[in-house]
Number of protein chains: 2
Amino acid sequence: MKQTDAHNTRHYHHGDLYPTLLHAATDIISEGGSESLSMRKLADRVGVSRTAPYHHFKDKNALLCAIAEQGFKNVERLLEEVRVREKTESLSVIFTEYFHHYIKLAYQNREQYDLMFGREIWRHGSPTESLQTISRQHFKSWLNWIERLSEQDVIRTDDSPLRTAQVCWATLHGLCRLLNDGIYTEQSQLDEIANAAVEMMLKKPH
Amino acid sequence: MKQTDAHNTRHYHHGDLYPTLLHAATDIISEGGSESLSMRKLADRVGVSRTAPYHHFKDKNALLCAIAEQGFKNVERLLEEVRVREKTESLSVIFTEYFHHYIKLAYQNREQYDLMFGREIWRHGSPTESLQTISRQHFKSWLNWIERLSEQDVIRTDDSPLRTAQVCWATLHGLCRLLNDGIYTEQSQLDEIANAAVEMMLKKPH
DNA sequence: CAATCAATCTTGACAGTGTCAAAATATCGT
DNA sequence: ACGATATTTTGACACTGTCAAGATTGATTG
């Protein structure tokens, strides 16, 4: 399933190093985080020499950006699913479930998630041009959805949609880190906490 | 002012290395983050040999924990201030202002803040015993305050105080990361966003 | 089909990292 | 004054990212 379309990225000496590296790197990171990923070990595991990856990724930073991009594609897919269900189901239910899905996705790929939003890339590294675009794009999608939600009076919104989107996202993001880093809570409380957060935002007849 | 009480920690060859190291390390980190802090450069800057710090901090990890601890003492002080003002001023005003103060503090010491709650220590490193206690202690203080706030009907709370505390803190924390990492927003919007977040939590006659 | 060229990969090298073991030094209590 | 103990240093090891230069391969063109 991965080898079948092996020639849309051209195959080189090794086969197709680029996707192989990306995949292996994602694996390594999911186990021990980005600091456990060494360019040399990566090359080793894939079976090439230490500096071979540098012909496909300018930097370690560039490699990390590529991994983060994949993550953004995943969460974007989550929002697309929302848009589909939106036509037939209750908005508040979808909203609630999106929260749960998002948090679960973040938890199952926590290292990748940290890469997407963490300081390593955004503050100390330098985010790739393409990472910047996909990240902005995703926020736009989110903003759009929040706008639809407030138009339909589903969520509390005493402010501009932009502010609401920022605050809601901050809450969601904060929850993810809370759970991902295991601070102040455990994963068993996940569902309850997510529900409590949603309740705080929903404009329901309480 | 630092040398005056130089003998509560005994003075050694160098003078008092422990606080000197701690201070210098905090400085270095505040500029370039924890990954820019090298034990060797630190030792160099302070004027001792590479491995001297290892007699005061078991690890680089232990050093980072010590820095994080200082951060917790700072935020704890913020909550103490709240307890004082509580007797004379409006709770909702204090709550709002606490949000702004906390965010500002986090922003002004962002690297330290990341250390306090980030994966580096909590997930990949191993938090010191004393760091764990002070961190738990701080959440207890926060929880206490949230309890008082919901008893006085200041904030929305459809759930147990614990859940409310977790969600509110997640929101606050999420905002900090949002601003610290410069994702999806800029620092100029800080005040507005913080206000929007508070509004979402307050149970005011809207 | 052969020769050139560019893409891909490897080897060697350098400066930097955390940290351990053992040796050296200074300070303190007696 | 002396010996014990706390403090610091030197040496060493196995890592790390990444650059420059050379080697190899696959594709392209004459």
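Since this is a predicted model, take the numbers as computed values, not measurements.
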Exercise. Is a donor-acceptor pair below 3.5 Å formed from side chain A/His55 to base C/dT8, judging by atom type as modelled?
Worked result: no
For this session: Look at the aromatic rings of B/His173 and B/Phe117 and report parallel, tilted or perpendicular, splitting at 30° and 60°.
Result: perpendicular
For this session: Answer yes or no: does a side-chain N or O of A/His56 lie under 4.0 Å from OP1 or OP2 of C/dC9?
Result: yes
Problem set entry | Protein-nucleotide distance (A/Lys58, atom NZ; D/dC19, atom C1'), rounded to Å | 12 Å
Problem set entry | Side chains of B/Ile94 and B/Trp145 in contact at under 4.5 Å (non-hydrogen atoms) | yes
Using distance only, find each side-chain donor-acceptor pair of residues 65-73 of chain A under 3.5 Å and give its atom names and separation, not counting sequence neighbours.
| unit_1 | atom_1 | unit_2 | atom_2 | d |
| --- | --- | --- | --- | --- |
| A/Glu69 | OE2 | A/Ser130 | OG | 2.5 |

For this session: Could you check how far CG of A/Asp16 sits from P of C/dC9, rounded to whole Å?
Result: 10 Å
Problem set entry | Validation row, ring centre B/Trp169 to ring centre B/Phe139 under 6.0 Å | no
Exercise. Within the distance-only criterion (no hydrogens, no angle test), does the side chain of B/Trp142 pair as donor or acceptor with the backbone N or O of B/Gln166 below 3.5 angstrom?
Worked result: no
For this session: Would you kindly give the CG-to-P distance between B/Asn61 and C/dT17, to the nearest whole Å?
Result: 18 Å
For this session: For B/Leu17 and C/dT27, give me the distance from atom CG to atom P, rounded to whole Å.
Result: 13 Å
Exercise. Can you tell me how far C1' of C/dT10 sits from CG of A/Asp44, to the nearest Å?
Worked result: 13 Å
Exercise. When the distance from CD of B/Glu120 to C1' of C/dG18 is rounded to whole Å, what number comes out?
Worked result: 13 Å
For this session: Would you mind building the protein contact string for nucleotides 12-17 of chain D? One character per nucleotide, 5' to 3', B for base within reach (heavy atoms under 4.0 Å), S for sugar-phosphate only, - for untouched.
Result: B---BB
Exercise. Over how many whole Å does the gap from B/Leu21 atom CG to D/dT7 atom C1' extend?
Worked result: 12 Å
For this session: Name all residues meeting the side chain to side chain contact (heavy atoms under 4.5 Å, CB included) criterion together with B/Asn180; count only those two or more places apart in sequence or in a different chain, and write none if there are none.
Result: A/Arg123, B/Ala106, B/Tyr107, B/Arg110, B/Tyr113, B/Asp114
